[in-house]
Protein chains: 2
Amino acid sequence: MPVGLRAIGQRSETVRRANLSAILRELHADGPASRSALVARTGLTRSAIGHLIGEFVAAGLVSEERAAPLGTPGRPSPLVRLESNRVGVIAVEIEVDTLAVAIVGLGGEVLDLLRVDRERTDIPVEDTAATVAELVSTVVRRPAAPDAIIGVGVAVAGVVRRTDGFVSMAPNLGWRDVPLGQRLVEALGLSLPITIANEADLGALAEHRRGAAIGVSDLLYISGEVGVGGGIITGGNQLTGAAGYAGEVGHMPVNPQGIACHCGSVGCWETEVGLDALLVRAGRQAGGGRSEAEAVVREAAAGGPLALQAIEEVGRWLGFGLAGLVNIFNPSLIVLGGSFTRIYPFVNEVVEHQLEHFALPAPRLPVRVVPATLGADASLIGAAELAFEPFLADPAHWLRSGAASSALASA
Amino acid sequence: MPVGLRAIGQRSETVRRANLSAILRELHADGPASRSALVARTGLTRSAIGHLIGEFVAAGLVSEERAAPLGTPGRPSPLVRLESNRVGVIAVEIEVDTLAVAIVGLGGEVLDLLRVDRERTDIPVEDTAATVAELVSTVVRRPAAPDAIIGVGVAVAGVVRRTDGFVSMAPNLGWRDVPLGQRLVEALGLSLPITIANEADLGALAEHRRGAAIGVSDLLYISGEVGVGGGIITGGNQLTGAAGYAGEVGHMPVNPQGIACHCGSVGCWETEVGLDALLVRAGRQAGGGRSEAEAVVREAAAGGPLALQAIEEVGRWLGFGLAGLVNIFNPSLIVLGGSFTRIYPFVNEVVEHQLEHFALPAPRLPVRVVPATLGADASLIGAAELAFEPFLADPAHWLRSGAASSALASA
DNA sequence: AGGCATTTGAAAGAGAGGAACACAAAACTG
DNA sequence: CAGTTTTGTGTTCCTCTCTTTCAAATGCCT
């Protein structure tokens with residue numbers, strides 16, 4: 001149901017752009033495919049596919065190889081494969097206690113990955129940007145780097161505006177109203193588009209494309225760290241909201257009688273299910289971060305009653321909040337990421353029980369709750385997908401301008 | 001960011017379909033427009049517009065009239081206008097205490113409207129369907145009816161599945177797991193597509209297309225009656241969820257220490273902001289419905305302290321819940337419908353205050369809260385829009401098959 | 001080896017929008 | 001009031017892209 005402004009007139013060229021995009025998306029998402037498989041999946045004719053593939057081959061973006069005979073009669077269809085070391089993106093992850101930079105090739109292969117630990121203290125944006133720039137320039141020089149870098153995607157643990165990467169609030173990084181996008185542009189000094197998004201949003205994107213939620217078009221990804229973030233995909237589209245701030249489910253009020261949240265509100269969901277809530281309930285000091293949480297999980301695994309009880313209580317609140325989200329979004333899948341992945345085995349039952357109790361039967365019915373499968377790199381992979389997005393949406397633009405070489409030159 | 005399955009290959013014909021659709025949407029949404037305005041809005045050339053308009057004219061769907069000279073130099077562009085009595089839809093609204101059927105012409109004009117009051121008792125679906133059928137057959141026979149009816153849209157006050165109109169739960173109608181869609185198909189006996197959706201979802205659609213939210217692509221429509229429903233539009237698309245159950249914000253848990261909700265949960269938002277909450281706080285009996293609520297509003301307008309206090313308390317909870325939704329959706333507009341429209345003047349300030357207090361600053365900043373403008377007919381208008389949707393999305397399909405006549409014949 | 005199923009490749013065909021030009025109609029201009 | 005300017009329509013030709021069609025290629029199966 002597109003609204004007026006988007007429904008701009010289409011031209012013949014639009015068709016070609018859309019079809020090139022469709023083919024590229026197939027290959028990027030599902031890996032190598034035979035020509036005939038592409039025919040089947042796109043609904044185009046063999047000739048059309050032939051022409052379009054030819055264009056990609058001419059640009060050096062894909063290669064065709066003799067198909068391995070697969071036992072069926074008929075002339076075998078050649079396998080079309082993306083050249084993963086021709087075009088790539090830089091993915092950056094800025095988290096509380098770690099900083100990562102990766103190079104990801106078209107098709108999703110992680111070609112190179114650099115991760116450094118950071119102090120859990122407030123670090124100025126400028127310093128962060130400088131560190132990122134250093135890592136990027138290292139990684140770009142290494143042999144794994146592809147011929148052309150076409151964009152930079154950044155995942156940040158904070159409330160961030162999509163349009164320009166302005167970070168309104170990243171409490172755990174100690175940032176408030178920080179122009180991260182601008183600083184990164186300055187520090188990187190590349191003439192590449194830099195797109196920044198919230199880490200949970202990108203985790204959702206990653207799980208949707210390459211993780212536990214492949215093929216699911218309505219899903220919630222809930223990432224539990226010190227803060228609780230949500231990435232939401234509905235109808236196959238990411239929920240971004242008017243400015244890209246959407247998905248801050250951690251600050252959904254669930255308990256008016258609850259404790260004060262650093263955001264200024266009271267009883268936010270993350271005050272009940274965030275890492276600190278777990279630690280305090282387990283008799284430990286708040287602020288311990290992942291390592292302490294890990295200790296609680298180990299304690300629980302060993303049968304420690306206090307730890308088990310703490311995790312159970314978190315699970316109860318987790319399920320309570322999820323019930324509300326299920327009623328609001330009617331998803332078919334909920335993916336638990338971050339530290340929730342670790343406690344999933346312990347809370348699975350409570351969560352299901354809470355959903356049974358607090359969610360409406362109709363939207364609750366089809367919901368499955370599963371742990372994330374991409375682990376710590378989820379948002380990094382999502383950042384890469386984000387950076388690839390313009391390319392996937394309109395590869396024709398790159399092909400025409402011979403960007404393979406020009407983009408490289410500028411990198 | 002379309003996912004694999006949707007990104008089907010496009011053909012030349014697709015372009016024509018899309019462009020016909022774009023033109024029709026413009027005319028349907030914004031009313032008559034000059035050819036040159038259409039050129040400007042779609043970005044197509046004059047020749048293309050000429051051809052496409054020609055096709056519509058040939059089908060008798062639009063007419064062109066000599067432009068009234070409007071004071072600007074240059075040759076005036078003829079005005080393109082939809083023939084509102086050629087193609088129309090039937091819109092049905094099934095609410096707790098009222099039942100309405102309307103005929104709406106292409107362009108959105110309500111050509112005819114029949115509304116009957118109902119007892120606030122549980123009425124079997126079969127009876128409801130029969131009444132609807134009766135109203136429909138009356139209205140279709142009246143002179144205002146257009147040549148062709150192309151679909152039926154139904155708004156129902158309950159949790160309903162989009163695919164087949166299965167009502168999982170409509171507590172105020174006394175329905176549970178009722179195949180409303182099927183019953184309506186049987187009762188109406190028309191070979192027309194019948195689409196059923198939740199009344200708040202359709203209220204949102206109506207306000208988005210023809211009410212307070214025109215041109216806004218990220219909005220929440222919150223409708224307060226006995227139950228509280230939400231219609232959500234993000235990125236210009238309706239949020240439907242996996243099965244169309246999405247938007248049940250009334251059952252978002254906001255108060256674990258609250259009262260039991262009929263849905264089986266505790267502390268749902270509607271237990272704090274629904275009509276019964278208002279009535280009880282105002283010292284009246286629950287179950288009084290709209291008329292009693294109206295009495296409370298009048299009492300408040302006259303300065304009655306108990307009524308004012310009750311409304312204020314509802315406003316406080318309203319703002320509290322909205323804050324959570326703002327954090328989740330980052331909308332740019334919140335439209336208050338149903339009884340909330342009436343209490344808006346009284347709660348405006350409290351709501352804003354609560355948002356200030358409980359919503360994150362970044363998503364909160366651009367949010368405006370406004371009353372609905374379409375009043376009681378909002379969901380009826382939305383139902384019409386829903387029924388028009390397939391036609392607007394692919395008018396070529398209808399033109400080719402000469403549906404103007406064939407659809408009429410079947411009605 | 002020959003038949004069959006499936007696919008590729010090239011050429012011709014069809015559908016749709018773009019560009020350019022002649023002509024039309026209204027509003028300015030002096 | 002006649003000429004000029006501006007904006008628009010209709011027409012013709014062109015370009016782009018996919019489809020259709022047919023011959024040739026390839027490898028399984030008997």
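Each chain gets a letter, A, B and so on, in the order its sequence line appears, and its residues count up from 1.
- Judged purely by atom type and a 3.5 angstrom limit, B:Asn19 uses its side chain to pair as donor or acceptor with the backbone of A:Gln10.
- Rounded to 10 degrees, the angle separating the terminal axes of the helix from C:dA1-D:dT30 to C:dG30-D:dC1 is 10°, with each axis obtained from five end pairs.
- For A:Asn19, a side-chain nitrogen or oxygen approaches OP1 or OP2 of D:dC18 to under 4.0 Å.
- The phosphate of C:dA16 has neither OP1 nor OP2 within less than 4.0 Å of any side-chain N or O from A:Ser12.
- Between the P atom of C:dG17 and the CD atom of B:Glu13 lies a distance of 11 Å, rounded to the nearest Å.
- Within the 4.0 Å cut-off from OP1 or OP2 of D:dC16, not a single side-chain nitrogen or oxygen of A:Arg17 is found.
- One finds no salt bridge joining A:Arg81 and A:Glu64 here, because no Lys/Arg side-chain nitrogen approaches an Asp/Glu carboxylate oxygen to under 4.0 Å.
- Within a 6.0 Å sphere centred on CZ of B:Arg11, other residues, nucleotides and ligands contribute 12 heavy atoms or fewer.
- Residues A:Phe388 and A:Ile150 come closest through the heavy atom pair CD2-CD1, 4.0 Å.
- The pair A:Arg16-A:Glu55 meets the salt-bridge criterion, with a side-chain N (NZ, NE, NH1 or NH2) lying under 4.0 Å from an Asp/Glu carboxylate O.
- Atoms CZ (A:Arg16) and C1' (C:dG17) sit 16 Å apart, rounded to a whole Å.
- Contact check, A:Ser77 against C:dT7: no side-chain N or O comes under 4.0 Å of OP1 or OP2.
- Checked for salt-bridge contact, A:Asp30 and A:Arg25 miss the test: no charged N lies under 4.0 Å from a carboxylate O.
- Contact detail for A:Leu38 and A:Ile23: the closest heavy-atom pair is CD1-CG2, 4.2 Å.
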- Query: Once each nucleotide of nucleotides 18-25 of chain C is scored for protein heavy atoms under 4.0 Å, what B/S/- sequence comes out, 5' to 3'?
  - Reply: SB----BB
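- Listed by chain and number, the residues in a salt bridge (charged side-chain N to carboxylate O under 4.0 Å, His left out) with B:Glu83 amount to none (sequence neighbours excluded).
- Remark: C1' of C:dT7 and CD1 of A:Ile53 are 14 Å apart, rounded to the nearest angstrom.
- For B:Arg35, no side-chain nitrogen or oxygen approaches OP1 or OP2 of D:dG8 to under 4.0 Å.
- A donor-acceptor contact closer than 3.5 angstrom links the side chains of A:Glu385 and A:His28.
- A straight line from CD1 of A:Ile49 to C1' of C:dT7 spans 13 Å, rounded to a whole angstrom.
- Across the protein-nucleic acid pair, B:Leu52 atom CG and D:dT9 atom C1' stand 15 Å apart, rounded to whole Å.
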